[in-house]
Every structure is written in structure tokens, then in C-alpha cells.
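A note on names: the letters A, B, ... follow the listed sequences, proteins ahead of strands, and every chain is numbered from 1.
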Number of protein chains: 2
Amino acid sequence: MSLPHILLGLLDEPASGYDLKKIFERALGHFWAAELSQIYPTLKQLERRGWLDVRTAPSEKGPSRRLYQRTDTGTQVLCEWLTDGPEVGTERLTWLAQVFLLSEIGGPGRALRFMIDLREAMAGRLAALRAVEAHWQSADPRYPDKLPDHGFYRHLTLQLGLSRMAATRDWCDDCIAQIRVRYQMPEEAA
Amino acid sequence: MSLPHILLGLLDEPASGYDLKKIFERALGHFWAAELSQIYPTLKQLERRGWLDVRTAPSEKGPSRRLYQRTDTGTQVLCEWLTDGPEVGTERLTWLAQVFLLSEIGGPGRALRFMIDLREAMAGRLAALRAVEAHWQSADPRYPDKLPDHGFYRHLTLQLGLSRMAATRDWCDDCIAQIRVRYQMPEEAA
DNA sequence: TTAGGCATGTAAGGTGTTACATGATTGC
DNA sequence: GCAATCATGTAACACCTTACATGCCTAA
């Protein structure tokens with residue numbers, strides 16, 4: 001159970017479900033995805049438990065916005081979750097499972113195609129992350145050395161994301177090279 | 001939907017649900033986890049669809065083993081899944097979400113404690129992966145340069161796992177150092 | 001006028017976890 | 001005798017995805 005806690009964590013300041021979805025995409029996209037259809041019911045549940053407060057504010061376009069914010073009880077629950085220590089060992093990297101099984105794809109040409117596509121996907125995600133960093137840098141003069149606490153920890157996760165993404169892209173390049181050598185596929189024949 | 005495909009991929013050679021669980025722990029543990037209570041029903045489902053065959057073999061200890069193996073139809077389904085290209089963007093790293101929210105944990109002492117625990121967890125997982133590598137090396141004289149196709153791709157995933165795990169551990173060290181500097185916590189006072 | 005962004009949600013179904021249930025054998 | 005390993009599963013619940021439903025406002 002983590003999405004409720006993440007929402008709790010993000011709701012230090014008031015935000016709507018729709019806002020939260022955008023925060024996920026921008027800031028947490030490289031390690032967590034959440035759909036609106038999951039966010040909305042979860043927010044209601046957290047409100048029923050008394051961990052969030054709601055107020056309604058009119059919107060300029062579309063239906064009125066429901067702005068949620070963490071209560072003191074909510075803060076306590078969040079703090080307990082964090083204090084329980086890191087939750088590791090539940091990672092699920094589908095694309096890596098696919099590489100693991102790539103000998104079954106039906107020939108080195110297809111395996112190479114797969115790795116090239118994977119490399120492009122990683123390069124794209126890396127570019128998106130770099131755009132997030134560039135945007136942050138230009139929007140906040142305190143970036144990166146004088147951030148407040150909450151920015152400090154978020155910055156640490158961004159740094160890990162950037163280095164993991166770059167390392168994974170480089171690994172893809174290495175795999176591509178190894179496949180070409182192993183099956184004698186010169187680059188011009190790809 | 002990926003677990004069915006992964007099971008299909010592993011069932012090139014006959015294995016029981018129990019065997020598969022151990023294969024998960026050893027070989028795929030760094031990027032996928034699966035419980036027996038999920039594996040057993042999934043295998044039955046795959047058999048009903050005609051993607052797996054079963055035969056029963058007596059066991060020396062405990063109930064008789066149900067040995068599953070991929071059919072030709074199963075191979076085709078697996079191949080289609082792989083040919084559809086890499087599935088990216090569904091990663092969920094709970095511990096990284098926790099770091100993202102670490103300013104709410106209630107003081108830098110606790111944040112430091114969290115990062116030290118995370119570092120230890122990563123170091124442990126890295127050691128486990130290195131043990132897998134060492135075992136493979138000593139058990140197969142073809143390791144690492146003369147492996148058959150199926151070992152070749154598995155080796156690529158192991159390499160990525162080793163480098164990611166080491167990089168993440170190093171990032172933890174870096175975070176720990178940054179927290180100490182930021183909050184003026186000398187190492188001897190930890 | 002139509003596509004896209006804003007903003008809310010529900011329903012159905014698939015995926016995954018935790019707890020429970022059974023029972024034999026091996027090693028301490 | 002007790003715990004661990006072998007080996008199978010079921011049931012209840014929690015989590016997540018996909019598809020559907022509604023309706024306003026803005027810009028091309």
C-alpha cells in the first residue's frame with residue numbers, strides 16, 4: 001500500500017486530483033505512475049479516514065475543483081510510513097524481463113530491433129527528465145544548492161533518475177554492440 | 001499482463017511452480033518478484049489456454065510435482081509479446097517515492113537513518129547478485145563469453161542489475177554525505 | 001466546428017498480496 | 001521434538017488498468 005501515502009505526502013499544499021496527476025507525470029514519472037481513475041477514489045478514501053480535508057473551489061474551465069490537503073492525523077500516518085523504513089524488493093521492470101527472454105524472439109535481427117527500440121525509449125525518457133531539471137533550474141533561483149528541505153530530497157531523486165536513465169541507455173548501446181559482434185551483423189546491414 | 005509471458009518464457013524446459021519460484025528468486029529477483037499463490041493459478045490458466053503442457057512426476061519429499069512445459073502455441077504467444085516491443089514506463093520504486101517525501105519524516109536524524117537503512121538494503125541486494133554471478137561462473141565453464149543464446153541475454157540483464165545496484169548504493173552514500181553537510185551532522189555523532 | 005485541455009467520476013475486470021490449509025521428509 | 005524445506009493449493013482482499021460517461025471553455 002503506497003499510493004495513499006504518496007498522495008498524503010504530496011498534499012502538504014492543497015491540490016486537486018487533476019493537479020496531482022500532473023505532479024505525478026512531471027516529478028515522479030520516472031519511478032511511479034498513477035491514473036486519475038485510481039487517484040480520485042483514493043483521495044475520497046483518505047478523506048473518509050480523516051487524513052485529508054477537502055474544500056471546493058470554482059474552476060475557470062470545467063467543473064469545480066475539489067482541493068485536498070493533509071490533516072494532522074494524515075501527517076502522522078505519513079510519518080509512520082516513512083519511519084517504518086525503506087520498502088525494497090518489489091520492483092517490476094517488464095522491459096528487463098523481456099530482455100531476459102530475448103533468445104525466444106525468433107532471431108538476432110528481431111532481438112536487435114528490440115534493443116534499438118528500448119534504447120530510443122530510454123533516450124526519450126532521459127530527455128524528458130533533463131527537461132524537468134532545466135525547467136526547475138530556470139524557475140527557481142535557489143536551484144540546486146539553496147533549495148528548501150522538500151526541494152532538497154526531490155532533487156536527490158531527480159539526480160538518481162538522471163544517472164539511472166543515462167546508464168540504462170548506455171547499457172542498451174553496449175547490448176546492441178554485443179549482439180552485432182555475436183551474430184556478425186555489421187552496422188550498415190542493420 | 002506480463003507474468004504469464006514470463007512463465008511462458010521460463011518454461012522452455014519443464015519445471016514445477018515451486019521450481020519457477022526459485023528461478024524467480026535467483027535470476028529475476030532484482031527486477032521481478034512473484035509469489036507461489038500467484039504462480040500456481042497462472043500456470044493452470046496457461047494450461048487451459050493450451051500454451052503449456054503438464055505431466056505429473058513423483059517427488060521424493062512432499063506431494064507429486066506438476067511439471068509444465070511450453071507448447072508450440074505457447075512459443076508463438078511469447079514471441080508475439082516480445083515482438084510487440086519493449087514495455088516501459090510502468091516502474092514503481094516505492095523506496096524512491098519515500099526519499100521524494102523524506103522532508104516529512106520528522107527531522108534530519110530520521111532521514112539519515114532512512115538513507116543508511118536503504119544503503120544497507122542495496123548493498124545486500126548487490127551482494128546477492130554478485131553471488132549469483134560467482135555461482136554461474138563456477139558452474140558453467142562457458143561463462144561469460146561462450147554462453148549459448150539464452151545465457152547470453154540473461155547475462156546482459158545480470159550486468160545491468162549489477163551496475164544499477166552498485167550505482168544506487170553509491171548514490172545512497174552521496175545522499176548520506178549531503179544530508180550530513182546540510183544539517184551539520186558529523187559522522188561521529190550519527 | 002472540432003480538437004484538446006480542464007475537471008469530475010464509475011464499472012468491470014485483471015493483477016498481486018496475505019493469510020490460511022495440508023502433509024511428508026530431513027537435519028538439529 | 002521442532003524447524004525448515006519440499007510441494008501443492010484456495011480465499012479474501014487490495015491494487016491497478018481500461019473503458020466509459022459527462023460537460024465546459026478555448027483556440028485553430
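Atom CD of A:Glu60 and atom C1' of C:dG5 are 13 Å apart (whole Å). Following rounding to the nearest Å, B:Ile39 (CD1) and D:dG9 (P) show an atom-to-atom distance of 12 Å. In this structure, B:Ile23 atom CD1 and D:dC6 atom P are separated by 13 Å, rounded to whole Å. Summarising the geometry, the separation between CZ on A:Arg65 and P on C:dG9 is reported as 12 Å, rounded to the nearest angstrom. In this structure, A:Leu36 atom CG and D:dT22 atom C1' are separated by 15 Å, rounded to whole Å. One interatomic measurement links the two molecules: CD of A:Gln45 to C1' of D:dC16, which rounds to 13 Å at whole-angstrom precision. Counting to the nearest Å, the C1' atom of D:dC6 and the CG atom of B:Leu20 are 15 Å from each other. The CD-P distance, from A:Glu87 to D:dC15, rounds to 11 Å in whole Å.
In the set D:dT8, C:dT8, C:dT15, the nucleotide with an atom closest to the side chain of B:Tyr18 is D:dT8. Closest approach to the B:Glu35 side chain among C:dT17, C:dA7, D:dC16 is made by C:dT17 (side chain taken as heavy atoms from C-beta onward). Of all nucleotides listed (C:dT17, D:dA7, C:dT8), C:dT17 comes nearest to the side chain of A:Arg92. Distance from the side chain of A:Tyr68 is smallest to C:dG9 among C:dT17, C:dG9, C:dT8. Checking C:dT8, C:dG9, D:dC16 against every side-chain atom of A:Gln38, the shortest atom distance belongs to D:dC16. Each of C:dC6, D:dT8, C:dG9 was ranked by its minimum atom distance to the side chain of A:Ser59; first place goes to C:dC6.
Ion pairing between A:Asp53 and A:Arg70 fails under the 4.0 Å rule for side-chain N and carboxylate O. We find that B:Arg65 and B:Glu60 are not joined by a salt bridge, their nearest charged nitrogen and carboxylate oxygen being 4.0 Å or further apart.
Checked by distance alone, B:Ser37 brings a side-chain donor or acceptor within 3.5 Å of a matching partner on the base of C:dT18. Side-chain atoms of B:Ser16 stay outside donor-acceptor range of the base of D:dT8, with no qualifying N/O pair under 3.5 Å.
Side chains of B:Asp72 and B:Gln76: a donor-acceptor N/O pair is absent below 3.5 angstrom, by distance only.
The nearest heavy atom of DNA chain D to B:Tyr40 and to A:Ala33 marks one nucleotide each, and the one closer to the 5' end goes with B:Tyr40. Summary of the strand contacts: A:Pro63 and A:Leu3 both lie near DNA chain D, and taking for each the nucleotide with the nearest heavy atom, the more 5' one is attributed to A:Leu3.
Taking the six-membered ring where tryptophan is involved, the planes of A:His5 and A:Trp81 are essentially parallel, since the angle between them stays under 30° and well short of 60°.
One finds no side-chain N or O of B:Lys44 lying less than 4.0 angstrom from the OP1 or OP2 phosphate oxygen of D:dT8.
With hydrophobic clusters built from ILVMFWY side chains whose heavy atoms lie under 4.5 angstrom apart, A:Leu20 does not share a cluster with A:Tyr40.
Within the 4.0 angstrom heavy-atom criterion, no nucleotide atom of any strand lies near A:Lys21.
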